[in-house]
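Taking it in order: structure first as structure tokens, then the write-up.
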Amino acid sequence: MFVLVEMVDTVRIPPWNFDKLLNDAVAEELNKKLANKVVYNVGLCICLYDITKLDDSYIFPGDGASHTKVHFRYVVFHPFLDEILVGKIKYCSQEGVHVTMGFFDDILIPPESLQQPAKFDEAEQVWLWEYETDEGAHDLYMDQGEEIRFRVADEVFVDTSPTGPAAAATDPPAAPGQSTAAPAEDGREKKEAPFTLVGTICEPGLGLLSWWNS
């Protein structure tokens with residue numbers, strides 16, 4: 001679930017931090033830059049583990065800060081495929097069951113990966129498993145906050161770096177008197193998560209069957 005990743009970066013130390021030990025100042029800047037951030041194709045950065053090498057520091061003309069090339073290891077959340085994790089249901093939608101682990105929320109279990117047969121209750125906005133027993137089928141609801149066990153089936157990284165207005169350059173010039181304003185959108189554009197885990201359910205909720213059997 002957590003891995004150590006070797007990284008290299010040039011760290012800028014502002015002048016007001018020159019009174020600190022170099023290792024402490026570098027660690028503070030690295031955590032400020034990386035902690036709780038997603039690095040593309042790497043994972044969610046948690047915290048600095050250690051600094052393995054510090055190169056010479058330089059001060060460039062026009063900048064009073066020092067610049068140091070740093071080799072370090074960082075703790076990163078990046079589960080391997082088929083790893084079993086435990087989280088809690090954050091909410092349900094037509095897309096599937098959205099799961100949180102407290103520090104990471106972008107986990108989706110799509111409908112085809114739920115215990116079958118499953119159906120979505122539009123009124124309650126929850127998924128339910130039609131659990132077969134000797135007495136017939138019973139609906140077991142996957143309620144918000146329910147603990148759930150899932151297997152990591154896939155991971156999706158999205159490059160969310162800002163891009164230039166490439167589309168604007170290809171638009172034909174507006175006719176005289178024609179508005180150049182962009183057309184109004186029906187809704188706000190959905191923001192993509194930079195790192196998403198796609199899971200397959202192992203149990204509908206660790207408390208559901210124990211509740212039913214009791």
Side-chain angles (χ1 to χ4, degrees), residues 1-5 34-47 74-162 183-214:
M1 181 164 64
F2 295 100
V3 295
L4 278 180
V5 178
L34 293 174
N36 205 32
K37 303 290 195 308
V38 171
V39 177
Y40 186 66
N41 282 340
V42 175
L44 175 67
C45 295
I46 304 299
C47 66
Y74 218 87
V75 179
V76 174
F77 173 70
H78 189 171
F80 56 84
L81 295 183
D82 291 330
E83 183 171 0
I84 305 297
L85 300 176
V86 177
K88 290 187 177 181
I89 297 176
K90 188 177 181 182
Y91 66 95
C92 296
S93 70
Q94 292 280 8
E95 295 178 342
V97 177
H98 300 259
V99 180
T100 178
M101 297 185 68
F103 63 92
F104 185 73
D105 294 341
D106 297 313
I107 304 169
L108 174 66
I109 302 176
E112 62 272 15
S113 298
L114 298 173
Q115 293 277 14
Q116 300 298 326
K119 65 180 180 181
F120 187 66
D121 188 320
E122 290 283 356
E124 298 289 339
Q125 288 294 299
V126 295
W127 282 92
L128 55 90
W129 175 30
E130 297 176 315
Y131 181 59
E132 295 289 343
T133 68
D134 295 337
E135 301 174 358
H138 297 272
D139 293 340
L140 299 182
Y141 287 81
M142 303 181 194
D143 294 318
Q144 182 178 356
E146 188 73 46
E147 200 170 57
I148 192 168
R149 191 189 304 271
F150 63 95
R151 178 185 294 106
V152 178
D154 196 9
E155 59 184 27
V156 180
F157 283 95
V158 176
D159 187 358
T160 57
S161 303
E185 298 182 356
D186 294 336
R188 302 183 68 179
E189 185 178 352
K190 185 178 180 181
K191 185 178 180 181
E192 289 188 281
F195 177 36
T196 302
L197 294 179
V198 180
T200 300
I201 199 167
C202 295
E203 297 180 21
L206 302 184
L208 286 179
L209 290 182
S210 60
W211 170 83
W212 171 251
N213 292 328
S214 63

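These numbers were taken from a predicted model, which means no experiment stands behind them. Heavy atoms only: backbone and side chains are in, while hydrogens, waters and symmetry mates are out. Count residues from 1 along the sequence.
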To the nearest 0.5 angstrom, please state how far the NZ atom of K88 sits from the CD atom of E146.
9.5 Å

Hits for side chain to side chain contact (heavy atoms under 4.5 Å, CB included) against F157, two or more places apart or cross-chain, chain-then-number order -> V38, Y40, N41, H78, E155, F195

List for me each residue that meets side chain to side chain contact (heavy atoms under 4.5 Å, CB included) alongside V198, sequence neighbours excluded, and say none if there are none.
P110, D154, V156

Sequence neighbours left out, what passes ring-ring contact (aromatic ring centres under 6.0 Å, His included) with F103? Give chain and number order.
F2, F77

Contacts of Y91 that satisfy side chain to side chain contact (heavy atoms under 4.5 Å, CB included) - sequence neighbours left out:
S93, H98

Which residues pass the side chain to side chain donor-acceptor pair (under 3.5 Å) test with D159, sequence neighbours left out?
S161

Under the rule for side chain to side chain donor-acceptor pair (under 3.5 Å), what residues qualify as partners of K90, not counting sequence neighbours?
D105

Test item: S113 and I201 side chains (from C-beta on) under 4.5 Å apart, heavy atoms:
no

Kindly write out the residues that satisfy salt bridge (charged side-chain N to carboxylate O under 4.0 Å, His left out) with K37, not counting sequence neighbours, or none if the list is empty.
none

Does the side-chain contact (heavy atoms from CB on, under 4.5 Å) test come out yes or no for I109 and L114, once each step is laid out?
CA-CA 7 Å; I109 302 176; L114 298 173; 3.6 Å; yes

With sequence neighbours excluded, what pairs up with L81 under the side chain to side chain contact (heavy atoms under 4.5 Å, CB included) test?
V152

Check side chain to side chain donor-acceptor pair (under 3.5 Å) between E112 and all other residues, then give those that pass, not counting sequence neighbours.
none

